[in-house]
**Student:** 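I'd like to ask you about the structure that follows.
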Protein chains: 2
Amino acid sequence: MEKLDRQILSLLARDGRMSYTDIGKATGLSTSAAQQRVRKLEQRGVITGYRAMIAGDALGLMLTAFIEVKPFFAEQPDDTPELLSDIEQIVSCYSVAGEANYLLKVQVGSAAELEELLAVIRSKGRVSTHTTVVLSTPYEDRPVV
Amino acid sequence: MEKLDRQILSLLARDGRMSYTDIGKATGLSTSAAQQRVRKLEQRGVITGYRAMIAGDALGLMLTAFIEVKPFFAEQPDDTPELLSDIEQIVSCYSVAGEANYLLKVQVGSAAELEELLAVIRSKGRVSTHTTVVLSTPYEDRPVV
DNA sequence: TCTGAAATTGTTTGTGG
DNA sequence: CCACAAACAATTTCAGA
């Protein structure tokens, strides 16, 4: 990975709407050279997309939790991610080493909704759960580049 | 939260670079009305920023892990997030209820680097750790809106 | 809050080094 | 892989409903 590309990634990781003109100015490239490099980073799958970050509380999503899940029937083929993928409160799903098989990050409006969600996950996913409630988030999703 | 605003958030959560012109077309608003609403969502702190999403492996970050941390000296004022905030491999820090005080999400290049990182976190943060390694990520950071 | 128009700025594409 | 320039498109601002 070239230095110039890393620099562009760093800029776009911090401001996903930065213009090619400004990327060019910041890197010493022309607008079109900057645009070409960004396009190639997208095509090569280095940049996988652009997102607006949204404050959950503005949407009434005031409770975040991590849920470790373990299938009841360990011998069967494990399709837990697919079984749970249409539950929109689950924002992330990680397959993990350790006691649990999967770690889910979920976002809900209330404790009552979390209780309901856990029931759905357990029945739908045929899993047992262990939940860790998030009290606050000092920082999240800092750019890695 | 108005329906029109939710619609705009949904669009920008999926494509953070969508133009105001296209947001206008998708919502039935004029370009300038779409832009005004986005600006207000930003000012009100509903939209907290824009990010390019970057594939970690393209940067040589092939190992993700979650680390639960617990201070050695529970009686002291707890400034763990600040103590650790300059460690760039830590991408997220959650204060949690349960056995641990904090849950960290980290991204590193190798197992050796994770080992080194754990040593840094333990000494710098004066904490004990419990680590869960991520094997794969079926999905992550799906839009909540 | 919205539209519509005008001025500015950014994007995209082609040519050529 | 780059710069430059021309054609095109988006953004920004403002007047007025």
Side-chain angles (χ1 to χ4, degrees), chain A residues 1-62 109 140-145, chain B residues 1-62 88 107 109 140-145:
Chain A
M1 172 81 32
E2 208 180 323
K3 187 189 166 193
L4 223 38
D5 283 332
R6 283 195 86 96
Q7 203 179 337
I8 289 171
L9 290 177
S10 172
L11 292 167
L12 284 173
R14 287 170 175 78
D15 177 8
R17 280 182 86 86
M18 192 172 188
S19 73
Y20 302 128
T21 306
D22 287 345
I23 294 171
K25 281 176 189 162
T27 55
L29 290 169
S30 68
T31 301
S32 45
Q35 190 219 24
Q36 275 178 46
R37 279 183 178 265
V38 172
R39 190 156 39 81
K40 281 180 187 163
L41 288 167
E42 290 167 354
Q43 286 170 351
R44 283 162 46 202
V46 178
I47 295 175
T48 60
Y50 299 89
R51 292 274 165 88
M53 295 178 301
I54 292 161
D57 10 348
L59 300 170
L61 297 169
M62 268 124 42
E140 187 172 28
D141 294 332
R142 302 196 298 185
V144 287
V145 57
Chain B
M1 170 81 33
E2 208 180 324
K3 187 190 165 193
L4 223 39
D5 283 332
R6 283 195 86 96
Q7 203 178 338
I8 290 172
L9 290 177
S10 172
L11 292 166
L12 284 173
R14 287 170 175 77
D15 177 8
R17 280 184 87 86
M18 192 171 188
S19 74
Y20 302 128
T21 307
D22 287 345
I23 294 171
K25 282 176 191 164
T27 54
L29 290 169
S30 69
T31 300
S32 43
Q35 190 219 24
Q36 278 177 45
R37 279 184 179 264
V38 171
R39 189 158 38 81
K40 280 181 188 163
L41 287 167
E42 290 166 355
Q43 285 171 349
R44 285 162 44 202
V46 179
I47 295 175
T48 59
Y50 300 90
R51 292 275 165 90
M53 294 178 301
I54 292 161
D57 9 351
L59 301 169
L61 298 169
M62 267 122 43
E88 60 181 8
Q107 233 166 331
E140 188 172 28
D141 295 331
R142 302 195 298 186
V144 287
V145 60

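Every chain is numbered from 1, with letters handed out A, B, ... down the list of sequences. Please read all numbers here as calculations on a predicted model, not as lab measurements.
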**Student:** Does any residue of residues 45-53 of chain B have a heavy atom under 4.0 Å from DNA chain D, and if so, which ones, in number order?
**Tutor:** none

**Student:** Taking side-chain hydrogen bond (donor to acceptor under 3.5 Å, both in side chains) as the definition, give me every residue that meets it alongside E2(B), ordered by chain and number, with sequence neighbours left out.
**Tutor:** R37(B)

**Student:** Measuring only between side-chain heavy atoms, which start at C-beta, is L12(A) closer than 4.5 Å to L41(A)?
**Tutor:** no

**Student:** First contact, last contact: which nucleotides of DNA chain D are these for chain A, 5' to 3', heavy-atom distance under 4.0 Å?
**Tutor:** dC1(D) to dT11(D)

**Student:** Report each atom pair, protein N/O against N/O of nucleotides 15-17 of chain C, whose distance is under 3.5 angstrom.
**Tutor:**
none

**Student:** How many angstroms lie between CD in Q36(B) and CD in Q43(B), if you round to the nearest 0.5 Å?
**Tutor:** 10.5 Å

**Student:** Among residues 16-40 of chain A, which residues get a heavy atom nearer than 4.0 Å to DNA chain D?
**Tutor:** R17(A), G28(A), L29(A), S30(A), S32(A), A33(A), Q36(A), R37(A), K40(A)

**Student:** Scan the side chains in residues 44-56 of chain B for donor-acceptor partners under 3.5 Å anywhere in the protein, sequence neighbours excluded, and list what turns up.
**Tutor:**
from: T48(B); atom 1: OG1; to: M53(A); atom 2: O; distance (Å): 3.2
from: Y50(B); atom 1: OH; to: E42(B); atom 2: OE2; distance (Å): 2.6
from: R51(B); atom 1: NE; to: A13(A); atom 2: O; distance (Å): 3.0
from: R51(B); atom 1: NH1; to: D141(A); atom 2: O; distance (Å): 2.4

**Student:** Taking only residues two or more places apart in sequence, or in another chain, which ones meet K25(B) in a side-chain contact (heavy atoms from CB on, under 4.5 Å)?
**Tutor:** T21(B), D22(B)

**Student:** So for the helix from dT1(C)-dA17(D) to dG17(C)-dC1(D), with five pairs setting each end axis, what is the inter-axis angle to 10°?
**Tutor:** 30°

**Student:** What residues, two or more places apart in sequence or in another chain, satisfy salt bridge (charged side-chain N to carboxylate O under 4.0 Å, His left out) together with E88(B)?
**Tutor:** none

**Student:** Suppose the criterion is side-chain hydrogen bond (donor to acceptor under 3.5 Å, both in side chains): which pairs have a residue in residues 7-18 of chain B, not counting sequence neighbours?
**Tutor:** S10(B)-R14(B)

**Student:** Minimum heavy-atom separation for L4(A) to T27(A), with atom names?
**Tutor:** CD1-O, 4.0 Å

**Student:** With a 4.5 Å heavy-atom cut-off, do I23(B) and Q35(B) have their side chains touching?
**Tutor:** no

